[in-house]
Amino acid sequence: MSGIINVMNEDRYILGIDTSCDDTSAAIVRNGDSILSNIVSSQSDIHSKYGGIVPELASRSHVEMIWPVVQEALFRAKKGLDDLDAVAVCYGPGLIGSLLVGCSFAKSICYSRDIKLLGVNHLEGHIFASVLDEMSPAFPFLSLVVSGGHSSLYRIEGFSRYEELGRTRDDAVGEAYDKVAKMLGLGYPGGPVIDELSRKGRSDSIKFPRPYLPDSLDLSFSGLKTAVRNFIHKNEKNEMVSSEDICASFQRAVVDVLVRKAEWAIKRTGIKRLAISGGVAANSELRESMKLMAEEKDVELFVPPVHLCTDNAAMIASAGYMHLMNGKRSDMTLNPKAYLPL
Ligand code: KG4
Ligand code: ZN
């Protein structure tokens with residue numbers, strides 16, 4: 001792993017826990033970058049009929065799943081609680097009831113076994129997901145985190161040295177995906193199904209706006225979402241318009257903006273290393289278009305495999321390892337925070 005020297009040369013095992021939203025996840029990671037297990041129990045079946053996450057149902061499901069998921073992670077890694085050097089838990093941002101389950105569980109393990117506790121910001125986890133890949137970026141690098149709750153561009157100078165270069169002024173990209181999917185009756189989460197339908201549609205069939213916000217690295221997706229809503233209302237009875245074309249045209253607009261923003265950030269900072277992560281980084285068109293841009297501009301691009309882009313606990317353990325090696329610890333006063341800037 002770049003930027004960290006393990007002077008003791010001993011293996012460190014971290015149990016990562018993430019219950020920030022609608023997935024219960026636990027992972028065992030060795031030395032911050034070697035995944036021994038990474039279990040994700042999805043709640044999408046519970047929430048899909050509501051077209052979005054119902055927070056109370058999410059917390060209840062975490063309560064039921066947390067222990068089985070942690071046990072499975074330990075079992076697959078062939079480790080026991082006594083083999084752990086630390087427990088890294090996501091304590092925000094996220095749904096407060098959901099975070100509370102993971103935090104209370106992590107604290108009780110650490111207290112009962114006298115293990116170190118590491119509180120990790122969810123966004124820091126997404127950033128360090130790129131370290132879990134075979135090729136990890138050296139510092140400094142740019143990180144585009146695009147998920148259901150967040151969309152930001154960061155300059156990462158080293159551990160705990162993060163500068164936010166731009167952020168969404170309204171909706172997160174994933175949120176826009178989920179809302180467009182709801183308008184089209186496609187269920188929740190919207191990203192994967194829109195990604196799939198887009199392959200069958202024509203991306204140049206509808207001219208949706210590109211919110212570039214010139215001179216800024218901020219993002220904005222609510223206008224684009226409204227444009228899609230207006231288009232759907234106006235064309236309700238138009239049989240010539242297909243959901244596939246709407247999806248493809250919406251997705252093209254999103255991807256055009258994200259790629260352009262990344263290009264601007266590279267130009268502005270002179271940093272030619274870019275990592276993308278978060279659930280929307282699982283998007284096939286975004287991955288392809290970023291790759292083309294990176295080749296054209298001679299930029300090193302780091303894109304984690306899809307299962308490490310969406311929420312998972314291995315990324316929390318990876319960021320936790322940075323805390324551990326930099327002497328940062330949490331204690332039993334660690335409390336979850338729904339709002340937690342990086
Ligand atoms: O990172 P993540 O798993 O959870 C949050 O931290 O929010 O991101 C979830 C978001 C959802 O909005 C989902 O629709 C979106 O990521 N997503 C995608 C794709 N897969 C998941 N968006 C576009 N294309 C995808 N293939
Ligand atoms: Zn996330």
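Atoms within a ligand are numbered from 1 in the order they appear, just like the ligands themselves. Values in this document were obtained by computation on a predicted structure and should not be read as measured data. Note: hydrogens, waters and symmetry copies are ignored here, and every other heavy atom, side chains too, is used.
Within the 4.0 Å heavy-atom shell around ligand 1 one finds Ala282.
Side-chain atoms of Ser205 and Ser249 include a donor-acceptor pair closer than 3.5 Å. In this model, no donor atom of one side chain and acceptor atom of the other lie less than 3.5 Å apart for His62 and Thr19. Looking at Asp171 and Ser222, their side chains never bring a donor and an acceptor atom within 3.5 Å of each other. With 3.5 Å as the limit, one finds no donor-acceptor pair spanning the side chains of Asp23 and Ser25.
In this structure, Tyr50 has its ring center no closer than 6.0 Å to that of Tyr188.
Under a 4.0 Å criterion applied to the non-hydrogen atoms of Val280, ligand 1 contributes the atoms 16 (O), 18 (C), 22 (N). Close contacts of ligand 1 with Gly148, meaning ligand atoms under 4.0 Å from a residue heavy atom, involve 5 (C), 7 (O), 8 (O), 9 (C), 10 (C), 12 (O). Every atom of ligand 1 with a heavy atom of Gly190 under 4.0 Å away is listed here by number and element: 14 (O). Near Asp178, the atoms of ligand 1 lying under 4.0 angstrom from a non-hydrogen atom of the residue are 11 (C), 12 (O), 13 (C), 14 (O). Proximity to Gly149 (heavy-atom distance under 4.0 Å) selects the following atoms of ligand 1: 7 (O). Remark: ligand 1 atoms within the under-4.0 Å shell around heavy atoms of Gly174 are 12 (O). Residue contact check: His126 has heavy atoms under 4.0 Å from atoms 1 (O), 6 (O) of ligand 1. Close approach of ligand 1 to His122 (heavy-atom distance below 4.0 Å) involves ligand atoms 6 (O).
Considering only non-hydrogen protein atoms, atom 26 (N) of ligand 1 sits nearest to Asp195 OD2, 3.0 Å. Distance from atom 24 (N) of ligand 1 to its nearest protein heavy atom, with residue and atom name: Asn283 ND2, 3.0 Å. Among all non-hydrogen protein atoms, the one lying nearest atom 18 (C) of ligand 1 is Gly191 CA, 3.4 Å. Annotation: atom 19 (C) of ligand 1 to nearest protein heavy atom, Gly279 O, 3.5 Å.
Legend: residues meeting salt bridge (charged side-chain N to carboxylate O under 4.0 Å, His left out) with Arg260, ordered by chain and number and at least two apart, are absent. With sequence neighbours excluded, no residue forms a salt bridge (charged side-chain N to carboxylate O under 4.0 Å, His left out) with Lys261.
Among the atoms of Pro189, none of the N or O lies under 3.5 angstrom from an N or O of ligand 1. Ligand 1 has no nitrogen or oxygen under 3.5 angstrom from a nitrogen or oxygen of Tyr177.
Residue-level proximity to ligand 1 for Asp311 is carried by backbone and side chain together, each with a heavy atom below 4.0 angstrom. Residue contacts with ligand 1, taken as heavy atom pairs separated by less than 4.0 Å, involve Thr310 via backbone and side-chain atoms alike.
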Just list the side-chain donor-acceptor pairs under 3.5 Å for residues 108-129, sequence neighbours left out, or say none.
unit_1, atom_1, unit_2, atom_2, d
Ser108, OG, Ser104, O, 3.1
Ser108, OG, Phe105, O, 2.8
Ser112, OG, Ser108, O, 3.0
Ser112, OG, Ile109, O, 3.2
Arg113, NH1, Asp82, OD1, 3.1
Arg113, NH1, Asp82, OD2, 3.4
Asn121, OD1, Leu123, N, 2.8
Asn121, ND2, Leu340, O, 3.1
Asn121, ND2, Pro341, O, 3.4
His122, ND1, Asp18, OD1, 3.0
His122, ND1, Ser20, OG, 3.3
His122, NE2, His126, NE2, 3.1
His122, NE2, Asp311, OD1, 3.0
Glu124, OE1, His323, NE2, 3.0
Glu124, OE2, Tyr162, OH, 2.7
Glu124, OE2, His323, NE2, 3.4
His126, NE2, Asp311, OD1, 3.1

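The existence of a salt bridge linking Glu285 and Arg287 is excluded, since no basic side-chain nitrogen approaches an acidic carboxylate oxygen closer than 4.0 Å. Salt-bridge check for Asp256 with Arg252: passed, with a basic side-chain N closer than 4.0 Å to an acidic carboxylate O.
Side-chain contact between His47 and Ser61: absent, with no pair of heavy atoms (C-beta onward) separated by less than 4.5 Å.
For the atom pair CG of Leu132 and OG of Ser277, the computed distance is 10.5 Å after rounding to the nearest 0.5 Å.
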Can Phe208 and Phe231 be said to form a ring-ring contact (aromatic ring centres under 6.0 Å, His included), step by step?
CA-CA 9 Å; Phe208 288 129; Phe231 180 87; 5.7 Å; yes

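Of the residues Ile17, Val70, Ile316, Leu81, the one that meets the side chain to side chain contact (heavy atoms under 4.5 Å, CB included) test with Val87 is Ile17.
Legend: protein N/O/S atoms lying under 2.8 Å from the Zn ion (ligand 2), waters omitted, number 3.
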